[in-house]
Amino acid sequence: MLREAAAAPANVRVQACWLTWYLKRSTEQSSVEDIGTSKGTRRKKVTVNGMRLKLKYCPICRIFRPPRSCHCTICDNCVEKFDHHCPWIGQCIALRNYRFYLTFFITALVFFIYTFAFSCWRIHQRMLESGNGLFGMLRKCPETLALTFFSFAAIWFLGGLAMFHSYLIAINQTAYENFRYRYKGSPNPYDKGIISNIKEVLFAPLPTPRVDFRAEVIPRWNMEDEMPI
């Protein structure tokens, strides 16, 4: 019996620690309930602020994903509080880097606003000095006009993105939940009001990572050799 218990897959211990860590860290009132099996797959449900949410089992990572988590097909990992996979920076935007992502595109928005304003001022100065119209400026300094149009397009894109994420922060949703209409027809159990949502998303202490990237990797066959009999 001890041998069988020791030979249990590591992912079972990982998912137990994951769920325990989530329930202890979460500020919501949460509890996990095992509701049996369905087609050979175990099923669990978690109660968050009085609402029962289903914990989905990931057959790739072999864990029950915590609430608001999703398996990213590009990164091939389960990501906690998954927002989206950003192709521009090549990684998932989720719980621990969402604020840095906001900082990134907001500073980019400010930069393009500055570039657009300075380019417009420069074009106006050139037109006054040369007396040429807009088409004359296109022949003499096409790079300035190209930069103006590019900055204008970037401002519209980043401005819309900023407004969308401001809306998500106000209602405490992720982009993935919003696209999937996760709470359509039912209240969002994580919505605590605009002020509390902003504090939670932007100012709450970030949780420590649960993956030690400096840890020594032990092959599975070595782990089985070291298991007690």
Subject >> Full working for side chain to side chain contact (heavy atoms under 4.5 Å, CB included) between Asn178 and Tyr167 >> reply: CA-CA 10 Å; Asn178 187 268; Tyr167 166 74; 3.8 Å; yes
Would the distance check show the side chain of Asn77 and the main-chain N or O of His71 forming a donor-acceptor pair, the cut-off being under 3.5 Å?
no
In terms of heavy-atom contacts, Tyr98 and Asp83 come closest through CE1-OD1, 3.8 Å
Exercise. Does Asn188 reach the main-chain N or O of Tyr183 with its side chain, forming a donor-acceptor pair under 3.5 Å?
Worked result: no
Phe116/Phe112 aromatic ring centres below 6.0 Å
no
**Message:** Tell me whether the rings of Phe105 and His165 are parallel (<30°), tilted (30 to 60°) or perpendicular (>60°).
**Reply:** tilted
Going through the distances and angles, do Cys75 and His85 end up as a side chain to side chain contact (heavy atoms under 4.5 Å, CB included)? CA-CA 8 Å; Cys75 297; His85 183 93; 3.4 Å; yes
Residues Ile93 and Ile89: closest non-hydrogen pair is CD1-CD1, 3.4 Å
Closer than 3.5 angstrom, by distance alone: can the side chain of Arg99 be matched with the main-chain N or O of Val201 as a donor-acceptor pair?
yes
In this structure, CG of Leu109 is separated from OG of Ser151 (nearest 0.5 Å) by 11.0 Å
| field | Side-chain heavy-atom pair Thr174, Leu168 within 4.5 angstrom cut-off | value | no
request  = Go through the steps to decide whether Phe100 and Leu206 satisfy the test side chain to side chain contact (heavy atoms under 4.5 Å, CB included), and finish with yes or no.
outcome  = CA-CA 12 Å; Phe100 306 107; Leu206 290 176; 4.1 Å; yes
Self-check item: Side chain proximity check, Tyr190 to Pro67, heavy atoms < 4.5 angstrom
Solution: yes
Atom CG of Leu128 with >12 non-hydrogen neighbours under 6.0 angstrom = yes
Taking Glu80 first and then Arg68, would you say they form a salt bridge - that is, a charged N and a carboxylate O separated by under 4.0 Å?
no
Margin query: Between Ser69 and Lys81, is there a side-chain heavy-atom distance shorter than 4.5 Å?
Written below: no
- request: Could you tell me how the ring of Trp88 sits relative to the ring of Phe157: parallel (under 30°), tilted (30 to 60°) or perpendicular (over 60°)?
  value: perpendicular
**Prompt:** Is Pro66 close to Leu55 at the side-chain level, that is, under 4.5 Å between some pair of heavy atoms?
**Reply:** no
| hydrophobic_cluster_shared for Phe152 and Leu145, side chain cutoff 4.5 Å | no
Do Asp191 side-chain atoms and Gly193 backbone N/O form a donor-acceptor pair below 3.5 Å?
yes
Check for a donor-acceptor pair, side chain of Thr148 on one end and backbone N or O of Thr144 on the other, with a separation under 3.5 Å.
yes
Would the distance check show the side chain of Asn172 and the main-chain N or O of Asn197 forming a donor-acceptor pair, the cut-off being under 3.5 Å? no
When rounded to the nearest 0.5 Å, the distance separating CG of Leu147 from OG of Ser119 is 4.0 Å
Open item on the list: Quick check: do Tyr57 and Arg62 have side-chain heavy atoms less than 4.5 Å from each other?
Closed with: yes
TODO: Return yes when atom CZ of Phe164 has more than 12 non-hydrogen atoms of other residues, nucleotides or ligands closer than 6.0 Å, and no otherwise.
DONE: yes
TODO: Could you check if a side-chain atom of Cys86 sits within less than 4.5 angstrom of a side-chain atom of Gln91, using non-hydrogen atoms only?
DONE: no
Should the heavy atoms of other residues, nucleotides or ligands under 6.0 Å from CD1 of Ile194 be counted, would the total exceed 12? no
Here the gap from Phe111 atom CZ to Leu158 atom CG, rounded to the nearest 0.5 Å, amounts to 11.5 Å
